[in-house]
Amino acid sequence: MRSPAELITDDVAVALACLHAGGLVGIPTETVYGLAADAENPAAVARIFEAKGRPTNHPLIVHISDVSAISGWVDNMSRDAMTLAEACWPGPLTMLLPRGPRVHDSITGGRESVGIRVQSHPLTRDLLDRFGGGLAAPSANRFGRVSPTRATHVVADLGTVLNPSTDVILDGGPCPIGVESTIVDLMGSSPQVLRAGAISADEISRLLDIDVESASGTSRAPGMMLSHYAPLCAIELVKDQAAAEVAIGRLIGAGHRARALDRTSDLVVAARELYGDLRQADIDELDTLVIVMPAAIGIGHALRDRLQKASNARQ
Ligand code: TXA
Ligand code: MG
C-alpha cells in the first residue's frame with residue numbers, strides 16, 4: 001500500500017487534470033467511492049478493469065453531471081425514465097437505458113443498454129460540471145470485494161495499482177449513504193430493480209404508479225453474483241441479539257476469533273458504517289463476524305441483500 005499522501009487530494013482541479021490526461025480518479029459519491037475515467041477514452045477505461053481485476057464483460061456505470069447532459073449517452077429517454085430522473089437525480093439511482101452513440105463497447109461489454117447515474121456528492125458534482133463529458137466509474141474496490149466508503153479504503157484496495165504520477169483519489173470524506181445505488185432496468189416492458197439501494201422498489205413503484213419487481217437470486221446484472229461484497233472473514237447472519245450471543249459462545253468455544261455486530265437500532269447508520277465494519281473485521285483478523293440481520297424496511301432491504309451476499313462468499 002502506498003502512503004495516502006501520494007495519491008489523496010481534495011483539489012478538484014488536480015483530479016480534472018488527471019481525467020483530461022487519461023488517468024484514473026477515485027471519486028467520492030453519496031453511496032460509495034468510484035474509480036473514474038473519461039468514458040470516451042477507451043485506453044483509460046481499460047485501466048479501470050485492470051486496476052480492479054474485473055472481467056471486461058462486466059459493464060460500467062456512466063456518471064453524468066445532470067439529466068440535461070444526457071444527450072448522446074442514451075438513445076431514448078422514456079417517460080418512466082424522465083419521471084425517475086426528475087424525482088431521484090441527483091441521488092442514489094442508476095437507470096439501465098438504451099445506449100446512445102457516445103457509449104463505447106468497452107463500457108457496456110457490447111450490450112444494448114447503458115447504466116446512467118447522476119450522483120449528488122458536491123465535490124464530484126463540481127468535477128463532472130467542469131469535465132463536461134461522462135465518467136465511467138464502478139466502485140473503487142478490487143473485483144468481488146467490499147466497496148470503499150472512505151478515501152483511505154481506496155488507498156488500501158488500489159494503492160499499489162494506481163500510479164501517483166497519473167492517478168489521484170479525490171477525498172470527499174465518508175460517503176453519507178454507504179451502500180451502492182439502486183439499479184433499475186428500464187429496458188424491458190416493465191421496470192425491474194436489479195440491485196437494492198437507498199431508493200426502494202416501493203418508492204420507484206409509487207413514482208411510476210405501477211408494481212415494480214425486484215430481481216431476486218442470481219441477478220441479471222453481471223458482476224452481482226450471489227457471493228459478492230465480501231470481506232475475507234466469514235459472515236454469520238443471525239436473527240437477534242440472543243442468537244448472536246449463542247453464536248459467539250459457540251465460535252469462541254471452538255477457538256475462533258469472533259465478534260458480534262448489531263446495528264439494527266438505526267439502519268441509516270448501519271448502512272453508512274457497513275463496509276467500514278466489514279473492513280475492520282479483516283483488519284482485526286477475525287475468523288467470523290456475527291451480524292444481527294436488520295429488518296426489511298427502507299434501506300434494510302439493501303443491507304440484507306449485501307449481508308446475504310457477503311455471507312455466501314465463504315459457504
Ligand atoms: O453507487 C454506485 O452505483 C457506485 C458508485 C461509484 O456510482 N457504483 C457501482 O458500480 O456500484 P459497480 O460497477 O461496482 O456496480 C454496478 C453494477 C455492476 O454489477 C454492473 O455489472 C451493473 O451494475 N451494470 C452496469 N451497467 C450495466 C448494464 N448496462 N447492464 C447490466 N448491468 C449493468
Ligand atoms: Mg462494485
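All values below were derived from every heavy atom in this structure, side-chain atoms included, with hydrogens, water molecules and symmetry-related copies excluded. Read the numbers this way: they start at 1 and go in the same order the structure lists the ligands and their atoms.
Here D126 pairs with R130 in a salt bridge; the nearest charged N to carboxylate O distance falls below 4.0 Å. The pair R195-E180 does not count as a salt bridge, with every side-chain nitrogen at least 4.0 angstrom from each carboxylate oxygen. Remark: R250 engages E236 in a salt bridge, criterion side-chain N to carboxylate O under 4.0 Å. Between R206 and D202 there is no salt bridge, since no side-chain nitrogen of the basic residue lies less than 4.0 Å from a carboxylate oxygen of the acidic one. The existence of a salt bridge linking D157 and R142 is excluded, since no basic side-chain nitrogen approaches an acidic carboxylate oxygen closer than 4.0 Å. The residues R117 and E30 are annotated as salt-bridged, a charged nitrogen and a carboxylate oxygen being separated by less than 4.0 angstrom.
Counting heavy atoms from C-beta on, the side chains of D282 and L278 never come closer than 4.5 Å. For the pair T182 and T94, the minimum side-chain heavy-atom distance is 4.5 Å or more. Side-chain atoms of P148 and Y275, non-hydrogen and from C-beta on, never get closer than 4.5 Å to each other.
Atoms of ligand 1 found under 4.0 Å from any heavy atom of R111, numbered from 1 in the order shown, are 30 (N). Taking every heavy atom of G34 and a limit of under 4.0 angstrom, the matching atoms of ligand 1 come to 6 (C). Close contacts of ligand 1 with R117, meaning ligand atoms under 4.0 Å from a residue heavy atom, involve 1 (O), 2 (C), 3 (O), 5 (C), 7 (O). Near T31, the atoms of ligand 1 lying under 4.0 angstrom from a non-hydrogen atom of the residue are 1 (O), 2 (C), 5 (C).
Aromatic pair H58/F143: centroids less than 6.0 angstrom apart.
Across all non-hydrogen atoms, the minimal contact from A244 to V292 is CB-CG2, 4.0 Å.
R99 does not count as a contact of ligand 1, since none of its heavy atoms falls under 4.0 Å from the ligand. Using 4.0 Å as the threshold, T108 has no heavy atom nearer than that to any atom of ligand 1.
Between the choices S139, A140, G26, G197, the shortest heavy-atom distance to atom 14 (O) of ligand 1 belongs to S139. Counting only non-hydrogen atoms, the option in R54, E30, H58 that gets closest to atom 13 (O) of ligand 1 is R54. Of the listed residues (R195, E180, H63, M95), the one carrying the non-hydrogen atom nearest atom 16 (C) of ligand 1 is R195. In this structure, of L97, I183, T182, the residue bringing a heavy atom nearest to atom 23 (O) of ligand 1 is I183. The closest non-hydrogen atom to atom 30 (N) of ligand 1, taken over P92, P55, S113, comes from S113.
A donor-acceptor pair under 3.5 Å links the side-chain atoms of R111 to the main chain of N57, judged by distance alone.
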Do any side-chain atoms of residues 68-85 form donor-acceptor pairs under 3.5 angstrom with protein atoms, and if so which ones, sequence neighbours left out?
unit_1: S68; atom_1: OG; unit_2: D66; atom_2: OD2; d: 2.8
unit_1: S78; atom_1: OG; unit_2: A81; atom_2: N; d: 3.1
unit_1: T83; atom_1: OG1; unit_2: R79; atom_2: O; d: 2.9

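Listed by chain and number, the protein atoms of type N/O/S under 2.8 Å from the Mg ion (ligand 2) are S139 OG; waters are omitted.
When heavy-atom distances to ligand 1 are checked against a 4.0 Å cut-off, Q119 has no atom that comes that close, whether in backbone or side chain. Neither the backbone nor the side chain of I27 has a heavy atom within less than 4.0 Å of ligand 1.
The shortest N or O to N or O distance between K52 and ligand 1 is not under 3.5 Å. Below 3.5 Å of separation, one finds an N or O of S181 facing an N or O of ligand 1.
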